[in-house]
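Encoded as structure tokens, the structure appears first; notes follow it.
The structure displayed is predicted, hence computed values, not measured ones. Along the sequence shown, residues carry numbers from 1.
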Amino acid sequence: MTSADGRPTGGGAPDSGALADLQAFAVELRRMNGEINRMTHGFASHQQLHPTDVSALAAVLDAPAPLTPGALREHLGLTSGAVTACLDRLERAGHIRRVRESSDRRVVHVRYQSSARLVARDYFMPLARATARARDRFSQAELSTVLRFLVAMNEELATAEDPPPAPPASPHPSPGH
């Protein structure tokens, strides 16, 4: 027997229906991630950027407050040098600007350029239209549940442990030994 969230109850193993539901969730989440990655990589190519640059743009766009390069580095899991190179590319391409806004001139904030928002909006309009068509298939109550699931999923992923590192490659013996 399983709970509403698919976890086993009563100490027993999950039934095959719960496993199939979990499998279906995993498949559909991977498919959606793949489709979004396809569009993101297309935008990166269209703008002559690296996909990591587009991830940085999304982080800047989605941040509740202006990001510093250090906060962006932490968010993306990159080195300081890699973030600097990424920001250099984005600034040259006109997507962001680095601004010293505070009384402490050492503090730099990354701002998304208005003109770049228009470029991204135009490119991702098919995604916006697809999202609107999909949303139209659901009631507000269903969409509220989906949104709660996505928020919970992102919270869980943000705190999930990293997988263990891969074991070191074993040396291959040379032929004849």
Side-chain angles (χ1 to χ4, degrees), residues 5 21-102 107-163:
D5 62 2
D21 289 346
L22 182 59
Q23 171 88 15
F25 257 101
V27 167
E28 293 305 320
L29 287 171
R30 281 191 301 268
R31 280 186 62 208
M32 185 172 68
N33 185 56
E35 292 299 326
I36 290 172
N37 281 341
R38 178 182 59 79
M39 294 189 84
T40 300
H41 285 237
F43 180 74
S45 177
H46 184 262
Q47 294 295 302
Q48 299 177 334
L49 299 171
H50 188 277
T52 300
D53 300 344
V54 180
S55 295
L57 283 174
V60 170
L61 182 64
D62 295 344
L67 287 179
T68 63
L72 186 60
R73 178 191 58 74
E74 190 174 304
H75 176 78
L76 296 174
L78 298 175
T79 65
S80 295
V83 167
T84 298
C86 172
L87 292 176
D88 287 346
R89 287 189 301 271
L90 290 171
E91 200 164 37
R92 276 193 308 273
H95 289 279
I96 59 106
R97 62 187 168 93
R98 289 177 259 203
V99 179
R100 296 184 192 278
E101 300 184 74
S102 71
V107 177
V108 174
H109 289 117
V110 179
R111 297 255 183 214
Y112 205 126
Q113 292 282 70
S114 298
S115 59
R117 287 177 193 261
L118 297 174
V119 169
R121 186 192 67 203
D122 290 346
Y123 186 88
F124 287 105
M125 191 55 68
L127 176 59
R129 285 193 293 267
T131 301
R133 287 191 306 270
R135 284 176 49 126
D136 287 346
R137 298 181 198 169
F138 297 89
S139 70
Q140 284 301 315
E142 290 170 319
L143 289 171
S144 177
T145 300
V146 170
L147 185 58
R148 280 193 1 257
F149 169 77
L150 292 173
V151 167
M153 190 71 197
N154 285 322
E155 288 170 353
E156 291 296 328
L157 290 173
T159 61
E161 292 180 30
D162 288 336

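No donor-acceptor pair under 3.5 Å is formed between the side chain of Ser45 and the backbone N or O of His41.
The shortest non-hydrogen separation linking Ala44 to Val54 is CB-CG2, 3.6 Å. Closest of all the heavy-atom pairs between Leu67 and Ala59 is CD1-O, 3.6 Å. The two atoms that bring Tyr123 and Gly42 nearest to each other are OH-C, 3.1 Å, heavy atoms only. When all heavy atoms of Leu29 and Met153 are compared, the pair lying nearest together is CD1-CE, 4.3 Å. Scanning all heavy atoms of the two residues, the minimum distance from Gly94 to Ser115 falls at O-OG, 4.1 Å. Closest of all the heavy-atom pairs between Arg89 and Asp53 is NH2-OD1, 2.7 Å.
Separating the CD atom in Gln23 from the CG atom in Asp21 is a distance of 10.5 Å, to the nearest 0.5 Å. Separating the OG atom in Ser114 from the CZ atom in Arg97 is a distance of 8.0 Å, to the nearest 0.5 Å. Note that the CG atom of Asn33 and the CZ atom of Arg31 stand 12.5 Å from one another [nearest 0.5 Å]. With rounding to the nearest 0.5 angstrom, the CG atom of Leu87 is 9.5 Å from the CG atom of Leu57. Summarising the geometry, atom CG belonging to Asn37 is positioned 13.5 Å from atom CZ belonging to Arg30; distances are rounded to the nearest 0.5 Å. Between the CD atom of Glu142 and the CG atom of Leu147 there is a distance of 13.5 Å, given to the nearest 0.5 Å.
Within the structure, every pair that satisfies the ring-ring contact (aromatic ring centres under 6.0 Å, His included) test and touches residues 128-159, not counting sequence neighbours, is listed here: Phe25-Phe149.
Between Val119 and Gln47, the closest side-chain pair of non-hydrogen atoms falls below 4.5 Å. Counting heavy atoms from C-beta outward, Asp88 and Arg98 have side chains that approach closer than 4.5 Å. The closest side-chain heavy-atom distance from Thr84 to Pro69 is not below 4.5 Å.
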Legend entry - CA sep, side-chain torsions, deciding dist, call: Arg117, Leu61, side-chain contact (heavy atoms from CB on, under 4.5 Å): CA-CA 9 Å; Arg117 287 177 193 261; Leu61 182 64; 3.0 Å; yes

Inset, instruction - Apply side-chain contact (heavy atoms from CB on, under 4.5 Å) to the pair Thr68 and His109, showing each step before the final yes or no. - result: CA-CA 5 Å; Thr68 63; His109 289 117; 3.9 Å; yes

Legend entry - Verdict with reasoning, Gln140 to Leu143, per side-chain contact (heavy atoms from CB on, under 4.5 Å): CA-CA 5 Å; Gln140 284 301 315; Leu143 289 171; 4.0 Å; yes

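Applying the 6.0 Å contact sphere to CD of Glu91 captures more than 12 heavy atoms from other residues, nucleotides or ligands.
In this pair, Phe124 and Phe43 present their aromatic rings tilted. The plane angle is within the 30 to 60° band.
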